[in-house]
Amino acid sequence: MRFAPSPTGALHLGSLRTALFNWLAARASGGAFLLRIEDTDQGRYVPGSEAQILESLRWLGLQWDEGPEVGGPYDPYIQSLRTGTYREHGERLVQAGAAYWCTCTPERLAEMRDQQRKAGHPTRYDRRCLARQDEVARERAEGMPAVLRQRMPGGVSRWDDLIRGEVSFDNADVDDSVLLKSDGFPTYHLANVVDDHLMGVTHVIRAEEWIPSTPKHLALYAALWPEQAPPRFAHVPIVLGEDRNKLSKRRGARNVLEYRDMGYLPAALANAMALLGWSSGTEDEVFTLPELVERFDIARVNAAPAVFDPKRLDALQGLHVRRLAPNELDEMLAPWLPQATAEQRRQLVPLLQERIVRLADAADLAAPLLGDAPWEEGVQFPPKKVDTQTAAQLLDAAVEAVESGALDDVTALRERLTTMLDECGVKARDGFRVLYIAILGRPVGVPVFDAMAFLGRDVTLQRLRAARAMLDNAWREP
RNA sequence: GCCCCGUUCGUCUAGUGGUCCAGGACACCGCCCUCUCAAGGCGGAGAUCAUCGGUUCAAAUCCGAUACGGGGUACCA
């Protein structure tokens with residue numbers, strides 16, 4: 001199984017899923033996962049994108065068995081370093097009568113296609129150069145730019161797609177594609193087939209957009225290695241955005257590294273992507289990577305395109321976060337809470353684990369505990385259903401209790417204050433909002449008594465008194 | 001234009017001729033729990049299985065046509 005991205009940009013969710021399915025299929029069957037960089041288009045090459053792709057795969061945990069950096073028996077795994085091989089195979093195709101040189105200009109081709117379309121015919125090369133190969137050879141010798149074209153055989157192409165079952169094409173509808181460009185680089189069709197064969201690829205798992213060119217690949221395998229069976233093909237459906245179009249950067253699709261930087265867990269992202277088009281067949285849906293490997297079967301992948309739902313990713317992410325052992329989460333949170341000491345983080349984890357989705361959420365939740373707690377813009381104080389007098393009384397009682405060491409037993413403190421509020425006729429759920437605002441600066445957040453214990457006596461008293469002072473001010477300026 | 005692929009709740013899906021007047025998950029709504037927010041538990045609403053026709057005692061499941069969606073049609077991958 002191989003994943004063969006082209007370095008024309010960062011790794012997006014669509015290609016990520018293709019990579020994931022390849023990796024899972026390889027791991028599930030004990031096969032090798034091979035990574036190959038298809039950089040045969042010099043015009044579209046984006047510097048740095050290759051490194052980004054590798055980093056994305058590594059972050060997700062999709063380790064490749066052969067490929068860049070790790071090497072392997074068929075090194076190099078970068079197509080721009082293998083151009084000699086492609087030319088040799090191009091030559092072999094010419095000898096076998098399966099390819100021919102062509103010197104037609106782009107202008108002529110465009111005009112030809114125009115007319116074919118107008119006449120209601122499929123657009124395909126008219127083989128003008130095939131009929132004048134001697135002349136073309138002369139032109140090439142004179143330095144005229146030329147491309148090598150595949151000579152598509154007649155008949156019907158069919159294959160048993162692992163995902164779609166039998167697919168067939170009338171070869172008369174398939175074009176004589178360019179195999180070697182005039183700059184000497186191969187196109188995908190040639191490079192891909194040659195490399196997959198030479199590298200021993202047995203299963204080609206790629207996106208659906210390759211279905212129409214599979215007949216070309218099949219013809220190439222047959223011409224080059226007539227004795228051997230071509231690899232099996234599995235064409236996975238496209239991932240769509242919420243607008244039902246193919247995910248694209250322009251429409252706000254993010255790349256893998258952006259999800260990492262937002263604080264998603266690699267396991268959650270992989271889980272969400274696996275569930276797009278695949279299901280275990282049971283009602284379980286939350287899986288780690290090893291659990292996916294155990295259950296994955298490429299034949300269970302759906303043929304229909306799937307819409308990516310970020311809400312589903314969030315839900316899965318929450319479940320994965322809660323599944324983590326406290327010390328695992330602790331470790332993962334470290335980069336997000338740089339100002340916290342190891343001990344503080346350890347105390348924070350139980351308060352955060354059930355409340356965060358993205359790891360980045362931890363920073364917001366913990367902010368009032370690790371630094372100042374400025375009051376949220378527009379916060380109502382005292383809050384609804386709590387009169388100023390009760391709020392003052394509550395804060396006074398809290399101050400007094402904390403002064404006499406109540407933070408050693410916050411449960412008792414809570415009970416005391418609850419009783420006090422009862423006597424004032426205010427429900428605890430309403431009254432404690434006063435405390436939330438005083439301590440955290442907003443009416444919601446981590447449990448306030450735990451927060452006070454975390455902050456310690458001095459900071460707690462300071463914040464309670466500050467809130468108390470606000471009430472006095474409010475009195476003086478009605 | 002030509003070719004190919006697809007079509008089950010808003011979304012992801014289960015379902016491979018009878019056990020499906022279609023099951024689960026996310027999202028949504030309600031209730032419970034509760035110091036807030038979450039988390040968790042329970043419940044609700046939500047799909048004439050794209051449409052039409054055929055095969056069959058029986059069809060979401062098999063066949064055909066139509067519609068709609070998507071992909072391809074490059075010296076991009």
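We name chains A, B, ... by the order of the sequence lines, and we start the count at 1 in each one. These values consider heavy atoms only, across backbone and side chains, with no hydrogens, waters or symmetry-generated copies.
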Take the protein atom [atom1] of [X] and the nucleotide atom [atom2] of [N], then report the distance between them rounded to whole Å.
| X | N | atom1 | atom2 | answer |
| --- | --- | --- | --- | --- |
| Leu180(A) | C75(B) | CG | P | 13 Å |
| Arg414(A) | C35(B) | CZ | P | 5 Å |
| Tyr188(A) | A77(B) | OH | C1' | 8 Å |
| Glu376(A) | C37(B) | CD | C1' | 12 Å |
| Leu394(A) | C35(B) | CG | C1' | 11 Å |
| Ile437(A) | C35(B) | CD1 | C1' | 13 Å |
| Lys385(A) | C35(B) | NZ | C1' | 15 Å |
| Glu242(A) | A27(B) | CD | P | 14 Å |

Contact class for [X] (heavy atom, under 4.0 Å): base, sugar-phosphate, or nothing?
| X | value |
| --- | --- |
| Ala428(A) | nothing |
| Leu190(A) | nothing |
| Gly120(A) | sugar-phosphate |
| Val448(A) | base |
| Gly277(A) | sugar-phosphate |
| Arg300(A) | sugar-phosphate |
| Ser182(A) | base |
| Glu38(A) | sugar-phosphate |
| Arg164(A) | sugar-phosphate |

Tell me if a side-chain donor or acceptor on [X] pairs with a main-chain N or O of [Y] at a distance below 3.5 Å.
| X | Y | answer |
| --- | --- | --- |
| Arg312(A) | Phe308(A) | no |
| His89(A) | Thr85(A) | yes |
| Arg158(A) | Phe169(A) | no |

Paired with [N] by Watson-Crick or G-U wobble geometry, both distances under 3.5 Å: which nucleotide is it?
| N | result |
| --- | --- |
| A14(B) | none |
| G53(B) | C63(B) |
| C33(B) | none |
| U73(B) | G1(B) |

Quick one: are [X] and [Y] in side-chain contact, heavy atoms under 4.5 Å?
| X | Y | value |
| --- | --- | --- |
| Thr8(A) | Tyr45(A) | no |
| Val193(A) | Leu190(A) | no |
| His197(A) | Val201(A) | no |
| Leu265(A) | Gln317(A) | yes |
| Phe449(A) | Ile439(A) | no |

Rounded distance in Å between the [atom1] positions of [N] and [M]:
| N | M | atom1 | answer |
| --- | --- | --- | --- |
| U36(B) | G23(B) | C1' | 37 Å |
| A22(B) | C4(B) | P | 36 Å |
| C21(B) | C49(B) | C1' | 12 Å |
| G15(B) | C9(B) | C1' | 15 Å |
| U48(B) | C12(B) | C1' | 22 Å |
| U19(B) | A58(B) | C1' | 14 Å |
| C62(B) | U16(B) | C1' | 10 Å |
| C52(B) | A59(B) | C1' | 15 Å |

Given [options], the nucleotide with the shortest approach to the side chain of [X]:
| X | options | value |
| --- | --- | --- |
| Val147(A) | G10(B), U36(B), C75(B) | C75(B) |
| Arg312(A) | C12(B), C4(B), U36(B) | C12(B) |
| Ala303(A) | A77(B), G6(B), C26(B) | G6(B) |
| Ile211(A) | U13(B), G24(B), C5(B) | C5(B) |
| Thr187(A) | G6(B), C35(B), C76(B) | C76(B) |
| Glu283(A) | G24(B), C37(B), A77(B) | G24(B) |
| Ala306(A) | C35(B), U13(B), C5(B) | U13(B) |
| Leu319(A) | G40(B), C3(B), C35(B) | G40(B) |

Legend entry - Residue whose nearest RNA chain B nucleotide is more 5′ - Leu365(A) or Asp170(A): Asp170(A)

Legend entry - First of Glu166(A) and Asn302(A) reached from the 5' end of RNA chain B, by closest nucleotide: Glu166(A)

Inset, instruction - With Arg149(A) as the cation and Tyr125(A) as the aromatic partner, state whether NZ or CZ is under 6.0 Å from the six-membered ring centre and within 45° of the axis. - result: yes

Inset, instruction - Find out whether the Lys NZ or Arg CZ of Arg140(A) is both under 6.0 angstrom from the six-membered ring centre of Trp101(A) and within 45° of the ring's axis. - result: yes

Inset, instruction - State whether Arg44(A) and Asp39(A) are salt-bridged, where the test is any N-O pair (Lys NZ or Arg NE/NH1/NH2 against Asp/Glu carboxylate O) under 4.0 Å. - result: no

Legend entry - B/S/- contact track for nucleotides 65-74 of chain B, protein heavy atom under 4.0 Å: -----SBSSS

Inset, instruction - Kindly indicate whether the side chain of Arg429(A) and the base of C35(B) share any N or O donor-acceptor pair separated by less than 3.5 Å? - result: no

